Structures are given as structure tokens and as C-alpha cells.
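Residue numbers count from 1 along this sequence. All values derive from a computational prediction rather than experimental measurement.
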Amino acid sequence: MEKIEETNIFDDILGEDEKILFVLRPNKTRFVWLNNLFGRILGLLFGLVFVILGILASQLGIEEADLLPSQISFILFGAFFILIVLIEIICVNVMYKKTFYALSDKRILVRTGIIGVDFRNLDISFVGSVNINVNLYDKFLKPNTGTISFGSFAAPIANPSGVSMAFNFKYIDNPYDVYKSIKKMIDDIKKDTSNLVADKVSNNIQK
């Protein structure tokens with residue numbers, strides 16, 4: 001599992017006795033360039049078609065008086081779709097630069113954002129399931145990438161509406177190896193917490 005020495009980026013939300021165990025980042029190619037690839041291709045093709053129609057408007061039988069306005073309309077309409085695709089790519093790239101995933105000895109942490117920086121966290125004691133998903137885009141890359149999802153009653157992997165509310169480590173390298181490591185860490189932390197609670201209860205009973 002790749003570890004990145006940038007634990008200080010979570011300092012603003014860490015508790016006094018909380019310690020970061022590791023920090024991960026998503027794969028840039030998968031996060032930025034393969035994200036929504038099909039939609040981007042459609043948007044670019046749609047835009048290019050209208051730009052070409054604008055350039056070739058004189059050959060479409062449009063009357064001379066309407067030719068220039070038609071050319072401008074076609075080109076602007078096509079340029080609008082191309083611009084939307086470019087803006088989306090820029091926004092995803094900005095989000096990538098702010099996106100980090102971490103596991104502390106108490107919580108699962110997700111840092112991301114576009115304009116500002118947003119943090120999401122899930123207490124490890126609330127984690128009910130840890131799932132992994134590797135789709136076709138993930139398999140294109142070497143090493144493969146994938147998404148690890150952490151579900152709880154408050155943030156289930158899938159709710160009745162079909163919308164995922166899970167905490168996700170998206171598009172990380174070697175997802176199966178990372179999954180095994182994270183699952184073991186979470187199980188160990190839960191076990192240590194259970195033992196600590198049991199010891200406190202036992203001590204209270206003895207008193």
C-alpha cells in the first residue's frame with residue numbers, strides 16, 4: 001500500500017489524541033482523465049458537429065441573408081458544448097489536487113473540494129461493511145485501480161432510492177491489497193476498542 005507523508009493536511013479536524021495511520025491519493029489518470037469519459041466524448045463530438053455545420057453552412061442551402069447568423073449560431077452552439085467539457089475537466093483536475101483519503105486510529109477521513117476544502121469523516125466504530133468495486137475503466141490501468149466503500153447505518157452503501165451515501169476511497173491503486181490492509185486495521189481497531197470497553201466494565205464491576 002502506497003503511503004504518503006502528508007498527514008498534516010488533516011490536522012484541522014484531528015482530535016488531540018488521534019493519529020493518522022496512512023494517507024492515500026486517487027490515481028490521477030483514472031480520477032481526471034477516465035472519469036465520465038463516455039459523456040465527455042459525446043459532448044465533444046456533439047460540439048464538433050455543430051462547429052463543422054457552421055463552417056460548412058454555405059453548402060447547406062441557407063439563404064445568403066441568413067448565412068452569417070446561421071454560421072455564428074452553429075459555431076457558438078458547438079463551442080458551448082466543447083467549453084462545458086473543458087470546464088468539467090478543469091474542475092475535476094482541481095478536485096484531484098485537493099483529494100486525499102486517510103485512516104486514523106479513530107476515523108475514516110475524506111478530504112476533497114473544488115472551490116474550498118471539504119472534509120467527511122466516519123467513526124470506525126460505526127463502519128458496518130467495507131466493499132470494493134473495480135469496473136472496466138479501472139481495469140484499463142496498470143496497476144489496476146478501484147473504489148473502496150465504507151458503509152454504516154447512517155451512510156449505507158446503497159439506500160432505497162439507489163443513491164450511494166457511502167464514504168468512498170475512489171480510484172486508488174492496487175485496490176485489493178489496500179482493501180485487505182484497511183479491513184485488517186479496522187478489525188484490529190474495533191477489537192482493541194471492544195477489549196478496552198470490556199476492561200473498563202470489568203474494573204467498574206470489581207469496584
Side-chain angles (χ1 to χ4, degrees), residues 1-14 18-41 44 85-152 155-158 163-191:
M1 185 189 330
E2 181 186 1
K3 295 184 179 179
I4 301 175
E5 299 301 328
E6 298 190 20
T7 56
N8 61 311
I9 61 175
F10 291 97
D11 283 352
D12 290 341
I13 62 168
L14 288 183
E18 188 174 6
K19 181 172 65 175
I20 294 292
L21 302 179
F22 69 84
V23 178
L24 293 173
R25 296 204 71 187
N27 180 287
K28 185 174 183 178
T29 300
R30 177 67 180 89
F31 192 98
V32 177
W33 302 112
L34 292 182
N35 186 39
N36 192 30
L37 180 62
F38 186 67
R40 291 173 181 175
I41 292 174
L44 288 174
V85 172
L86 294 178
I87 290 175
E88 190 263 345
I89 292 174
I90 291 172
C91 288
V92 173
N93 189 61
V94 171
M95 181 180 289
Y96 167 78
K97 293 178 180 179
K98 298 181 179 181
T99 299
F100 294 82
Y101 311 125
L103 179 70
S104 77
D105 55 354
K106 295 182 178 180
R107 293 181 291 172
I108 293 162
L109 303 165
V110 175
R111 178 189 188 272
T112 188
I114 296 178
I115 298 176
V117 176
D118 303 321
F119 289 97
R120 298 186 67 203
N121 66 89
L122 177 64
D123 196 297
I124 288 178
S125 63
F126 294 155
V127 175
S129 62
V130 183
N131 291 354
I132 184 170
N133 177 61
V134 177
N135 63 26
L136 186 60
Y137 288 154
D138 293 314
K139 293 181 179 180
F140 284 157
L141 301 175
K142 296 296 180 183
N144 291 156
T145 60
T147 296
I148 296 177
S149 301
F150 307 88
S152 69
I157 298 291
V163 179
S164 174
M165 299 174 62
F167 286 77
N168 298 318
F169 286 5
K170 290 185 176 181
Y171 316 138
I172 56 176
D173 292 332
N174 301 309
Y176 293 107
D177 292 338
V178 175
Y179 168 83
K180 292 176 183 177
S181 298
I182 288 177
K183 189 70 168 60
K184 185 179 185 307
M185 289 182 185
I186 290 176
D187 289 344
D188 289 344
I189 292 171
K190 284 187 173 183
K191 183 178 179 180

Give a yes or no answer on whether the side chain of [X] reaches the backbone of [Y] with a donor-acceptor pair at less than 3.5 Å.
| X | Y | answer |
| --- | --- | --- |
| Asp138 | Asn135 | yes |
| Asn131 | Ser149 | no |
| Lys98 | Ile114 | yes |
| Lys106 | Leu14 | no |

Cationic tip of Arg30 above Phe140 ring, under 6.0 Å, 45° of axis: no
Atom pair [atom1] ([X]) and [atom2] ([Y]), whose distance is rounded to the nearest 0.5 Å:
| X | Y | atom1 | atom2 | value |
| --- | --- | --- | --- | --- |
| Ile172 | Thr145 | CD1 | OG1 | 9.0 Å |
| Tyr137 | Phe38 | OH | CZ | 7.5 Å |
| Ile20 | Asn8 | CD1 | CG | 10.0 Å |
| Lys97 | Lys28 | NZ | NZ | 6.5 Å |
| Tyr171 | Thr29 | OH | OG1 | 13.0 Å |
| Lys170 | Thr99 | NZ | OG1 | 9.0 Å |

Heavy-atom distance under 4.5 Å between the side chains of [X] and [Y], does that happen here?
| X | Y | answer |
| --- | --- | --- |
| Phe22 | Met185 | yes |
| Phe169 | Ile108 | yes |
| Ile132 | Val178 | no |
| Met95 | Phe31 | yes |
| Val92 | Arg40 | yes |
| Val130 | Ile148 | yes |
| Phe167 | Leu109 | no |
| Val117 | Ile9 | no |

Do Asp188 and Lys184 meet the salt-bridge criterion of a basic N to acidic O distance under 4.0 Å? yes
Heavy atoms only: give me the nearest [X]-[Y] pair and the separation to one decimal.
| X | Y | value |
| --- | --- | --- |
| Pro26 | Tyr101 | CD-CE1, 3.8 Å |
| Pro175 | Val134 | CG-CG2, 3.9 Å |
| Asn35 | Glu88 | ND2-OE2, 4.3 Å |
| Leu21 | Asp105 | CG-N, 4.0 Å |
| Pro143 | Asn174 | CB-OD1, 3.3 Å |

CD1 (Ile87) with more than 12 external heavy atoms under 6.0 Å: yes
For a side chain to side chain donor-acceptor pair (under 3.5 Å) check, start with the C-alpha distance between Ser125 and Asp123, then their side-chain angles and the critical distance, and finish with the verdict. CA-CA 5 Å; Ser125 63; Asp123 196 297; 2.6 Å; yes
Decide yes or no on side chain to side chain donor-acceptor pair (under 3.5 Å) for Asp118 and Thr112, but give the supporting numbers first. CA-CA 5 Å; Asp118 303 321; Thr112 188; over 6 Å; no
